[in-house]
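Quick note on labels: first sequence line is chain A, next is B, and so on, each numbered from 1.
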Number of protein chains: 4
Amino acid sequence: MVIATKNKSTEKYNTILEAAVKVFAANGFYQSTIAQIAREAGVADGTIYLYFKNKDDILFQFFNYKTKQVFQQFGEAVALADNPIDKLRNLVRSHLKAFQQDRCMAILYQTETHKYKRIADDRIKEMSKMYLDIISDIIEQGQQEGCIRKDLYLGLVKRFIVGSVDEVINTWLHADGQYELASMADPLVELLIRGIGSSAN
Amino acid sequence: MVIATKNKSTEKYNTILEAAVKVFAANGFYQSTIAQIAREAGVADGTIYLYFKNKDDILFQFFNYKTKQVFQQFGEAVALADNPIDKLRNLVRSHLKAFQQDRCMAILYQTETHKYKRIADDRIKEMSKMYLDIISDIIEQGQQEGCIRKDLYLGLVKRFIVGSVDEVINTWLHADGQYELASMADPLVELLIRGIGSSAN
Amino acid sequence: MVIATKNKSTEKYNTILEAAVKVFAANGFYQSTIAQIAREAGVADGTIYLYFKNKDDILFQFFNYKTKQVFQQFGEAVALADNPIDKLRNLVRSHLKAFQQDRCMAILYQTETHKYKRIADDRIKEMSKMYLDIISDIIEQGQQEGCIRKDLYLGLVKRFIVGSVDEVINTWLHADGQYELASMADPLVELLIRGIGSSAN
Amino acid sequence: MVIATKNKSTEKYNTILEAAVKVFAANGFYQSTIAQIAREAGVADGTIYLYFKNKDDILFQFFNYKTKQVFQQFGEAVALADNPIDKLRNLVRSHLKAFQQDRCMAILYQTETHKYKRIADDRIKEMSKMYLDIISDIIEQGQQEGCIRKDLYLGLVKRFIVGSVDEVINTWLHADGQYELASMADPLVELLIRGIGSSAN
DNA sequence: AATGAATGAGCGTTCATTCAT
DNA sequence: GATGAATGAACGCTCATTCAT
């Protein structure tokens with residue numbers, strides 16, 4: 001009983017895209033060559049151009065489909081919780097989980113994003129906005145419900161959250177993923193909410 | 001008694017290094033060419049090789065001297081305060097101020113750091129460690145003095161602080177520096193200490 | 001009694017050849033790709049290799065059959081006239097008419113001929129010789145009959161005629177065929193015969 | 001006493017341009033590679049790009065400077081004669097002489113001109129126009145002075161002359177230059193003026 | 001017969017680095 | 001020290017041709 005056999009074309013497209021992500025993650029985009037990607041994917045150099053317009057396009061497709069899809073999952077994870085604090089926890093948790101599961105994607109997203117505005121600016125901005133919008137909604141709901149401080153500059157709070165999460169991921173990446181990234185979700189959210197100060201402050 | 005007369009050599013070295021930082025910041029390291037740097041510095045291509053071993057070395061020197069020096073200033077700023085919370089405030093303030101004053105350095109440091117482990121890994125790790133050590137000291141002192149929560153996982157707290165600051169800088173960079181970066185220091189530190197949760201939590 | 005039913009194979013052969021001529025005329029031989037020809041012909045790239053040995057062979061076949069056939073018609077047109085001057089007029093007329101009717105062939109023949117000695121040298125020389133022989137016969141007959149000057153260097157006269165006709169065609173091609181090419185036949189022949197000098201010379 | 005020592009740059013520019021013309025003449029523009037030109041010129045591949053923007057530019061420069069210059073000489077040759085028929089003779093003579101002296105230029109101009117409108121359209125049109133204008137002037141003067149027929153369609157006469165000359169050159173080229181091209185000038189002009197018809201016509 | 005995905009040799013171009021002046 | 005012309009390795013990309021289906 002065949003439900004969904006991906007056709008050959010899609011298979012090769014994915015093979016190449018994943019090979020590319022692996023190579024990009026290892027060497028950086030500009031240091032990666034088409035020949036390396038082809039070798040990693042087990043195809044000829046020219047084959048890559050049957051599935052991608054050019055080298056830039058490979059990175060673009062990565063941001064357009066692969067990463068985008070992951071970021072959309074974050075929204076779904078959030079929807080599963082009712083109260084803002086659980087939503088935030090779900091967001092951070094699914095973010096860390098997803099990046100832990102696909103280390104190459106994590107590297108590419110963390111280290112290559114800022115540099116490739118030229119290539120995938122719109123996609124990255126779109127994702128970034130989607131992420132920030134989710135956070136905004138959470139904050140606002142939290143403020144209405146009283147579980148989040150009302151005297152906050154929203155723009156700053158968003159950076160505060162995004163930055164903490166990003167840095168936790170970066171640290172994990174630099175440590176070669178030797179610990180459970182996802183396990184950092186709960187302590188991190190707790191920190192975000194309560195801060196580092198003792199109640200004496 | 002030595003009067004610090006910089007000799008001609010040092011001047012040209014600095015001219016080139018600053019030109020390179022400008023060019024790297026504008027185009028990224030790998031997209032920048034020696035010819036561009038030479039033009040920006042007003043010297044011949046070959047001259048660059050009298051002061052730097054190769055292209056990589058320029059970036060290495062940037063991290064080795066220029067950035068390192070700035071990061072050392074952070075330590076000095078911290079030393080001026082007595083209590084941990086003021087120390088943290090001074091750290092964040094001097095960090096934001098320094099990066100606001102030298103935008104190119106900020107760009108290079110924020111966007112190129114992760115990618116150049118190959119080139120300047122030791123320097124970057126050294127700086128990073130220095131920065132994290134400062135924070136560690138602050139946290140520990142704060143915990144002893146009671147102004148910082150004692151139930152914190154130190155490794156996480158450090159990322160939490162570093163990440164927030166970085167992201168605030170990134171956001172400022174992406175906004176083309178249209179506002180006072182330094183003005184974000186106090187609200188950010190306040191957030192770090194108190195968190196986003198209302199005391200009701 | 002054979003009724004000329006072209007079989008399927010011949011049809012496809014012609015479809016491809018005509019598509020190729022169209023593409024070659026538009027882009028030049030070396031700038032045309034097999035993929036373009038295949039698209040224009042409505043077949044797969046690989047199909048072309050069932051009918052032609054390789055890309056060169058397509059051009060070769062063009063000169064071998066298509067153009068050759070047209071050039072043979074010139075001989076027939078000449079045979080319809082008795083006196084040399086009418087023969088010349090018929091030759092030029094049928095030449096201009098044929099090229100006007102098949103613009104792509106005209107382009108290919110005029111602009112690509114000289115460059116493809118490598119590919120179809122023998123065919124082109126053969127056609128060229130055939131054409132020049134027709135002219136030679138006309139001239140010689142005209143000299144015997146007294147309507148053509150006897151003091152002429154035959155080799156030069158042939159170039160003189162061929163060159164004039166070619167250039168008239170080229171001019172028409174460059175003007176995007178906005179006028180009747182065939183209408184130039186009579187004035188041109190008149191020029192060839194009488195020259196540009198007044199009888200006073 | 002040094003009057004005009006060409007500097008090194010100009011020398012190498014010319015070396016490369018001449019090597020390129022040689023290679024283009026031998027293989028055609030698109031079949032020639034940068035590597036071939038570099039080898040012929042005795043320089044490295046990259047050196048070519050110090051003097052020319054790209055491969056197209058080499059051909060462009062050829063038409064822009066080298067050929068243009070020769071075509072301007074034609075105008076000067078014409079100016080040396082007073083009566084229209086001598087002017088025409090001088091034009092044809094200097095044309096054939098120049099092309100005989102630089103065979104590669106002749107090949108490139110004759111066989112590559114039509115195909116490279118993309119690359120040097122304006123230059124080629126300019127030269128072509130210059131040439132046709134010279135002829136127009138001659139014809140008109142000749143008609144006023146009575147030595148050229150008044151009942152001529154100027155547009156056709158120009159093609160008639162240009163075409164004859166071109167074809168004479170082509171024939172010489174195809175014969176591998178085994179005879180004196182310039183010696184064809186006088187008989188050709190005589191043909192242009194008197195035509196091939198006997199006065200009996 | 002017909003397809004079109006796959007191949008990989010080959011090309012134009014760039015640019016870090018060298019070295020004669 | 002300073003120059004910048006010259007180098008040539010390396011890369012992205014194209015496309016004629018093949019071959020499994």
- C:I48 vs B:G46, nearer the 5' end of DNA chain E by closest nucleotide: C:I48
- Note on the structure: Assign each of C:L50 and D:D56 the nucleotide of DNA chain E bearing its closest heavy atom; nearer the 5' end lies the nucleotide of C:L50
Report yes if a side-chain nitrogen or oxygen of [X] is closer than 4.0 Å to either non-bridging phosphate oxygen (OP1 or OP2) of [N]; otherwise report no.
X	N	result
D:T47	F:dT7	yes
C:Y49	E:dA2	no
D:K12	F:dA6	yes

- Query: In dot-bracket notation, what is the pairing pattern of DNA chain E, taking Watson-Crick (N1-N3 plus N6-O4 or O6-N4) and G-U wobble (N1-O2 and O6-N3) contacts under 3.5 Å, with [ ] crossing and | for other strands?
  - Reply: .||||||||||||||||||||
Between atom [atom1] in [X] and atom [atom2] in [N], what is the gap in whole Å?
X	N	atom1	atom2	value
D:D57	E:dT14	CG	P	12 Å
D:L59	E:dG12	CG	P	13 Å
A:I16	F:dC13	CD1	P	14 Å
A:Y51	F:dC13	OH	P	18 Å
B:F60	E:dA16	CZ	P	20 Å
A:R39	F:dA10	CZ	P	13 Å
B:N54	E:dT17	CG	P	5 Å
C:F52	F:dT18	CZ	P	16 Å

- Query: Can the ring centres of B:Y109 and B:F71 be said to be less than 6.0 Å apart?
  - Reply: yes
- Item | Ring-ring centroid check D:F62 D:F52, cutoff 6.0 Å | no
- Please check if any side-chain donor atom of B:Q61 sits under 3.5 Å from a side-chain acceptor atom of B:Y13, or the reverse. yes
- Message: side-chain contact (heavy atoms from CB on, under 4.5 Å), that's the test. Do C:I34 and C:Y49 meet it? Break it down for me.
- Response: CA-CA 10 Å; C:I34 294 291; C:Y49 289 86; 3.6 Å; yes
- Query: Near DNA chain E, under 4.0 Å by heavy atom, which residues of residues 24-31 of chain B?
  - Reply: none
Show which side-chain atoms of residues 38-46 of chain D pair as donor or acceptor with protein atoms under 3.5 Å away, not counting sequence neighbours.
unit_1, atom_1, unit_2, atom_2, d
D:E40, OE2, D:K22, NZ, 3.1

- A:T33 or C:K53: which one's nearest nucleotide on DNA chain F is closer to the 5' end? A:T33
- Between B:V43 and D:A44, who's closer to the 5' end of DNA chain F by nearest nucleotide? B:V43
Please report the closest heavy-atom contact between [X] and [Y], naming both atoms and the distance.
X	Y	result
C:L17	C:I58	CD1-O, 3.6 Å
B:Y30	A:Q31	CD2-NE2, 2.7 Å
C:S32	C:G28	OG-O, 2.6 Å

- Message: Need one value for A:I34: base, sugar-phosphate or nothing, where a base atom within 4.0 Å counts as base even if backbone is also close, heavy atoms only.
- Response: sugar-phosphate
- Message: Among C:Q69, C:R123, C:E126, which residue satisfies the side chain to side chain donor-acceptor pair (under 3.5 Å) criterion with C:N64?
- Response: C:R123
- Message: Do B:K55 and B:F29 form a cation-pi contact, if we require the NZ or CZ to be under 6.0 Å from the six-membered ring centre and within 45 degrees of the ring's axis?
- Response: yes
